[in-house]
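Here the structure comes first, spelled out in structure tokens, and everything after it is commentary.
Below, chain A is the first sequence line, B the second, and so on; all start at residue 1. Keep in mind that the numbers below use all heavy atoms, side chains included, and drop hydrogens, waters and symmetry copies.
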Number of protein chains: 2
Amino acid sequence: MQNRLETLDSILDRLRTSIRKNGLKNSKQREEIISVLYKSGTHLSPEEIASEIKTKDKTTSISSVYRILSFLEKENFITALEADKSGRRYEIAAKDHHDHIICLHCGEITEFVDPEIERLQIKVAHEHNANLISHNMKLFVICQKCQKIKP
Amino acid sequence: MQNRLETLDSILDRLRTSIRKNGLKNSKQREEIISVLYKSGTHLSPEEIASEIKTKDKTTSISSVYRILSFLEKENFITALEADKSGRRYEIAAKDHHDHIICLHCGEITEFVDPEIERLQIKVAHEHNANLISHNMKLFVICQKCQKIKP
DNA sequence: GTATCTGCAAATGCTTTGCACACCC
DNA sequence: GGGTGTGCAAAGCATTTGCAGATAC
């Protein structure tokens with residue numbers, strides 16, 4: 001996981017501002033989900049988020065988790081990642097931009113940034129007369145541990 | 001679309017070899033699907049493939065299309081692409097390796113290769129002590145046409 | 001003949017939606 | 001108080017699977 005750019009409190013402040021800006025109302029569930037994602041530091045599935053919140057005594061429903069995740073993604077508080085066929089996983093957006101290395105054997109997810117690749121992606125888009133909005137890059141690998149297990 | 005590396009007949013020959021190698025039996029549906037993907041030159045959804053085959057009088061079922069697509073992907077005759085939430089799309093693998101530029105506005109898919117990025121991806125994997133098996137890179141853009149429509 | 005392949009329909013798994021009640025402002 | 005949020009259950013949608021008949025070898 002990379003450096004946090006922002007404290008949890010600061011993110012929650014921005015969340016409240018965003019809620020007001022959209023004419024919405026506060027809810028503890030939204031803050032809970034941000035909190036869980038911030039503290040976990042990993043890439044969690046909606047089910048994992050729901051059960052994490054449930055351990056803290058709340059009876060949060062999975063449908064609310066999905067609804068809130070959509071909102072938080074739209075407002076750029078979190079980002080989604082499709083590591084495999086099992087559905088989306090989410091992580092807090094308050095980190096540096098990064099891409100993912102995914103081990104095909106154990107599923108481990110590592111983050112990385114290569115400034116040179118980032119630069120070249122913008123160049124490629126321009127060469128196609130297009131305006132780069134975002135990108136999605138996943139490197140599928142066999143990690144060091146799994147190379148030892150399965151030589 | 002990039003240059004074909006192989007004729008349709010040559011691909012179908014390889015398909016028959018692969019079928020024998022796996023102890024399976026021939027079927028016109030498998031050849032039909034390869035044929036449709038080869039001729040279309042684009043990225044088709046399972047539904048699109050099924051309806052394309054149906055126009056040619058056959059009553060192919062969607063479940064067979066899915067089953068055959070899995071087989072063809074496993075055997076590297078085709079490759080899958082997830083352009084958006086609407087599900088997977090497939091294209092013939094008998095082309096040079098390439099990645100995709102996807103317009104967020106009109107959905108147009110363009111193919112590209114940047115040898116320098118390819119090289120850097122291998123380097124990044126090595127720096128993480130991992131063995132690069134494959135990658136997935138999508139550049140999400142607003143294409144030239146859509147920039148004019150929506151300034 | 002026997003094992004694979006197919007079409008159909010039902011099942012699955014993730015995600016979304018409709019609705020009635022609960023809660024925030 | 002009126003609108004927004006939630007939980008629940010049901011619906012959606014892409015994909016997978018079980019099964020009986022069809023087909024390839």
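- By the 4.5 Å heavy-atom criterion applied to side chains, B:His135 and B:Glu118 are counted as neighbours.
- When rounded to the nearest whole Å, the span between CD of B:Glu47 and P of D:dC13 equals 12 Å.
- Note: A:Gln144 CD to A:Cys103 SG = 11.5 Å, rounded to the nearest 0.5 Å.
- Here the C1' atom of nucleotide D:dG7 and the NZ atom of A:Lys54 are 10 Å apart, to the nearest Å.
- B:Ile49 has its side chain within reach of B:Leu69: a pair of non-hydrogen atoms, C-beta onward, lies under 4.5 Å apart.
- Checking the phosphate oxygens (OP1, OP2) of C:dC23, no side-chain nitrogen or oxygen of A:Gln29 falls inside 4.0 Å.
- Residue-level contact check: A:Ile62 touches neither bases nor backbone, having no heavy atom under 4.0 Å from any strand.
- Backbone-only contact: B:Thr60 has heavy atoms under 4.0 Å from sugar-phosphate atoms and none from a base.
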For this session: For nucleotides 17-25 of chain D, just jot down a letter per nucleotide in 5' to 3' order: B, S or -, based on protein non-hydrogen atoms under 4.0 Å.
Result: BB-----BS
Problem set entry | Verdict with reasoning, B:Glu31 to B:Lys28, per salt bridge (Lys or Arg N to Asp or Glu O under 4.0 Å) | CA-CA 5 Å; B:Glu31 304 201 353; B:Lys28 31 193 170 315; over 6 Å; no
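- Residue B:Leu15 contributes atom CG, which lies 14 Å from atom C1' of C:dC5 at whole-angstrom precision.
- Between the P atom of D:dT4 and the CZ atom of A:Arg20 lies a distance of 16 Å, rounded to the nearest Å.
- Here the side chains of A:Ile117 and B:Asp114 are not in contact, with every heavy-atom distance at 4.5 Å or above.
- Considering B:Glu73, B:Glu82, B:Glu48 as possible partners of B:Arg89, the one that fulfils the salt bridge (charged side-chain N to carboxylate O under 4.0 Å, His left out) test is B:Glu48.
- Inter-residue side-chain proximity for B:Glu75 and B:Asn22 is flagged as met; some heavy-atom pair is nearer than 4.5 Å.
- Straight-line distance from the CZ atom of B:Phe71 to the C1' atom of C:dT6: 15 Å, rounded to whole Å.
- Along DNA chain C, the nucleotide closest to B:Gly23 and the one closest to A:Ser70 are compared, and the more 5′ of them pairs with B:Gly23.
- Under the rule for a ring pair (Phe, Tyr, Trp, His ring centres under 6.0 Å), the partners of B:His100 that lie at least two apart in sequence or sit in another chain are B:His43, B:His98.
- Note: CD1 (A:Ile33) to C1' (D:dT6) measures 11 Å, nearest angstrom.
- Rounded to whole Å, the distance from CD on B:Glu32 to P on C:dT6 is 12 Å.
- Overall bending of the helix from C:dG1-D:dC25 to C:dC25-D:dG1, expressed as the angle between end axes built from five pairs apiece, is 30° (10° steps).
- A 4.5 Å side-chain heavy-atom check between B:Leu24 and B:Arg30 finds at least one atom pair inside the cut-off.
- Rounded to an integer number of Å, the gap from A:Asp84 CG to D:dT15 P is 15 Å.
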